[in-house]
Number of protein chains: 2
Amino acid sequence: MSTATETPKPHLLELLWRAAPETGRGPRKGLTVDEVVAAAIGLADAEGLEAVTVRRLAQSLGKAPMTLYTYVPGKAELVALMLDSLFAGMDPTPAADRPWRERLAAVARDNYALYRAHPWAAAASPSRPPLGPGQCAKYERELRALEGLGLDDVAMDDALAYLLAFVRTAAQDAAQSEAERASSAMSDHEWWEANGPLLAKVLDTERFPTAVRVGQAAGEAHDAAYDAEHAFAFGLERTLDGLGALIRS
Amino acid sequence: MSTATETPKPHLLELLWRAAPETGRGPRKGLTVDEVVAAAIGLADAEGLEAVTVRRLAQSLGKAPMTLYTYVPGKAELVALMLDSLFAGMDPTPAADRPWRERLAAVARDNYALYRAHPWAAAASPSRPPLGPGQCAKYERELRALEGLGLDDVAMDDALAYLLAFVRTAAQDAAQSEAERASSAMSDHEWWEANGPLLAKVLDTERFPTAVRVGQAAGEAHDAAYDAEHAFAFGLERTLDGLGALIRS
DNA sequence: ATCGTACGTTGTACAATATACAACGTACAA
DNA sequence: TTGTACGTTGTATATTGTACAACGTACGAT
C-alpha cells in the first residue's frame, strides 16, 4: 500500500488522442481501441445505438464481454470515441474561395449527410463534443469557412455553434420521424382510420380554428404530417439569412 | 370465445384526451391518470427522467408497480402524457398587438422557460409531439403570434416548427451542460490541471491555428467553455433575423 | 337478494442492461 | 529463472420494463 503508484484510470482525453502509456507487461493485447470503436460504429450503423451493448459488441469481436473494459473504461467513453472517429473520417466538400453563403451551406450539408448516414450520432452528440483529434480537425476546418467575414473570434464560435446545432437537430428529427414511421406497423391510412373519428370530435374549429386550418394545410403540403427534408431545407435558408444579418452588421 | 368484444388496448390519443370508455365494473380505482402523471412529473422535476421508473413511481403513489399499467399502457405513453400535461399548464406571456418580433420572442422565451424548469422535457420532446389537448392549445396560441405577417399557412407551420426546434435544442444543451458541470465532481481548475498538459501538447498551433485562437477567445469570453444562456440569446437574435427575412419577402 | 363476471390490484418471474470482482494464465523485467 | 503486472474471462449483482396468473371486489342481470 503506502504511496503506491496507482494507475488512476485512463482519462477520456488520453483515449481520444491514443496517448495511453503502454507498459508492455502481461499477455499480448488481442485487439486495439480502433478495432473496438470500428466494430461499435458498424453495429450502430446497422442496428442503431441501442444495439451496441457490451455483450453484442464483444461477441462480434470474438471476445468475452468484460474484455472490452480493457480497451475502454465504459460505455460513455466508447460513444465519445465513436463520435470522434466519425468526425475524423468526414471528407468535406471543398468550398474555399466560394461566397460565404455557399461555404456555410457546404458545412451544413456535410454535417447533415454525416448525421443522416449515422443516425445514432445525432442523438449521441452533445452540444460540445469532447476535444478529440477528429473534433479538433473538424472545428478547425469549419471555422475557416467563417473567416474573413468581419466577425471577431467569439462571434465566429457562436455562429458555428449555432449553425451546427441547427443541423444536428434537423438530422435528429429526420431520423426520429423515419424510425417512427418504420416501427409503427401502421400505415398512415390505418392510423387515420383508427384515430380520425376521435380527432374530428375533439379538434373542433371553435376552440382551435388556426391550428386546424394550418395543420391541415401543412399536412397536405408535405404528404406526411412532417417532412424532415423540407424542414431542413427551410431551416437552412432561415439560418443562413440570420447569420447573413450578423455578417452585414 | 367466438367473436368476443376484445378491448383492443387504449390508444394514446384516447388517453391524452381522457376519452377512455369507463365501464364501472370491478373494484373502485384508487388513482386517476392525472395523479399518476402529476407524480411522474414531480419525480422527473426532482431527480430527472431517468429516476421515473415504474417501481419508484408506484412507491411514491403507495401502490404496487404493476398497478400503474392499469392507468397507462407503458412508459412511452406515460412520457407523452407528462409532456402534454406540461404544455397544458403553460401560462403564456400575453403579447398580442405587439410587433411580430416581440411576439415571437415571447413565444421563444415561454418555451425556453418551460424547458429550463423541466429539463427532462427538452430531451423527451419529439419534434412533433402527439396531438393532446395541451399540445393543441399550445399550437393554436403560438400560431396566432404568426398571423397577419403575410405568410401562407404552410409557411406559418414551417416558421413555428423552426423557432420551436431552436428553443428546444438550446434548452437541451443548457440542461446538459449544467448536468455535466454538476456531476463532474471536478472543478474547472482541477480539470485543466489534469488535462491541460496533454491538450497543450496535442493542440499545436501548427495543425489547428484557427481552432486554438478562436477556442481560446471563446473560452475566455464566456468564463465557462460553453455558456448556454449566451448561446440562447445569440441564437434567438439570429433566428428572429432569419424569420424576418422570410416575412419581408 | 343473489350470483356471475369484468376488472383493479398485486406477487412473482423473466430477459436484458452495465459493470464489479476475483480467478487464471501469460510474458516481460529483473 | 522467477516474480509480478496485466490481459482475459466466468460469475454475480443491482437495475430496468413488463408479461402472466392469482386474487378479490363490486356492478348488472336475474
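Chain letters run A, B, ... following the sequence lines, proteins first and then strands; every chain starts at 1.
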Between B:Val202 and B:Phe208 the two heavy atoms that sit nearest each other are O-CE1, 4.1 Å
*asked:* Looking at C:dG8, I'd like to know if its phosphate oxygens (OP1 or OP2) sit under 4.0 Å from a side-chain N or O belonging to B:Thr67.
replied: no
Less than 3.5 Å apart, any donor N or O on the side chain of A:Glu77 or A:Tyr71 sitting next to an acceptor on the other? no
Testing C:dT9, D:dT25, C:dT26 for proximity to the side chain of B:Pro27, the answer is D:dT25
Looking only at D:dC6, C:dG4, D:dT18, the nucleotide nearest the B:Arg25 side chain is C:dG4
When rounded to whole Å, the CD to P distance for the pair B:Glu77 and D:dG17 reads 13 Å
Of the candidates C:dA27, D:dT18, C:dT19, the side chain of B:Val54 sits closest to D:dT18
A:Lys29 NZ to D:dG7 C1', in whole Å, measures 8 Å
B:Arg56 CZ to D:dA14 P, in whole Å, measures 18 Å
Checklist entry - Reckon A:Val72 touches a base, only the sugar-phosphate, or nothing at all at heavy-atom distances under 4.0 Å? => result nothing
- Task: Spell out, as yes or no, whether a donor-acceptor pair under 3.5 Å connects the side chain of B:Ser125 to the backbone of B:Ala122.
- Result: no
When rounded to whole Å, the CE to P distance for the pair A:Met66 and D:dG10 reads 11 Å
In whole angstroms, the gap separating P of D:dT8 from CZ of A:Arg28 amounts to 12 Å
| message | Using only modelled atom types and a 3.5 angstrom limit, is any donor from either the side chain of B:Arg55 or the base of D:dG17 paired with an acceptor on the other? | response | yes
So, OP1 or OP2 of D:dG7: does either fall under 4.0 Å of a side-chain N or O from A:Thr70?
no
To the nearest angstrom, the NZ-P distance between A:Lys75 and C:dT19 comes to 8 Å
When you look at A:Glu142 and A:Asn111, which way does the side-chain hydrogen bond (donor to acceptor under 3.5 Å, both in side chains) test go after all the steps?
CA-CA 10 Å; A:Glu142 291 170 345; A:Asn111 276 272; 2.9 Å; yes
Taken to the nearest whole Å, CG/A:Leu78 to P/C:dA18 is 10 Å
To the nearest angstrom, the CD-P distance between A:Glu50 and C:dA15 comes to 21 Å
* Do the ring centers of B:Phe166 and A:Phe166 come within less than 6.0 Å of each other? -> no
Regarding the side chain of B:Lys63, the nearest nucleotide among C:dC21, D:dG7, C:dT9 is C:dT9
- Within the structure shown, what part of the strands sits under 4.0 Å from A:Thr53 by heavy-atom distance: base, sugar-phosphate, or nothing? sugar-phosphate
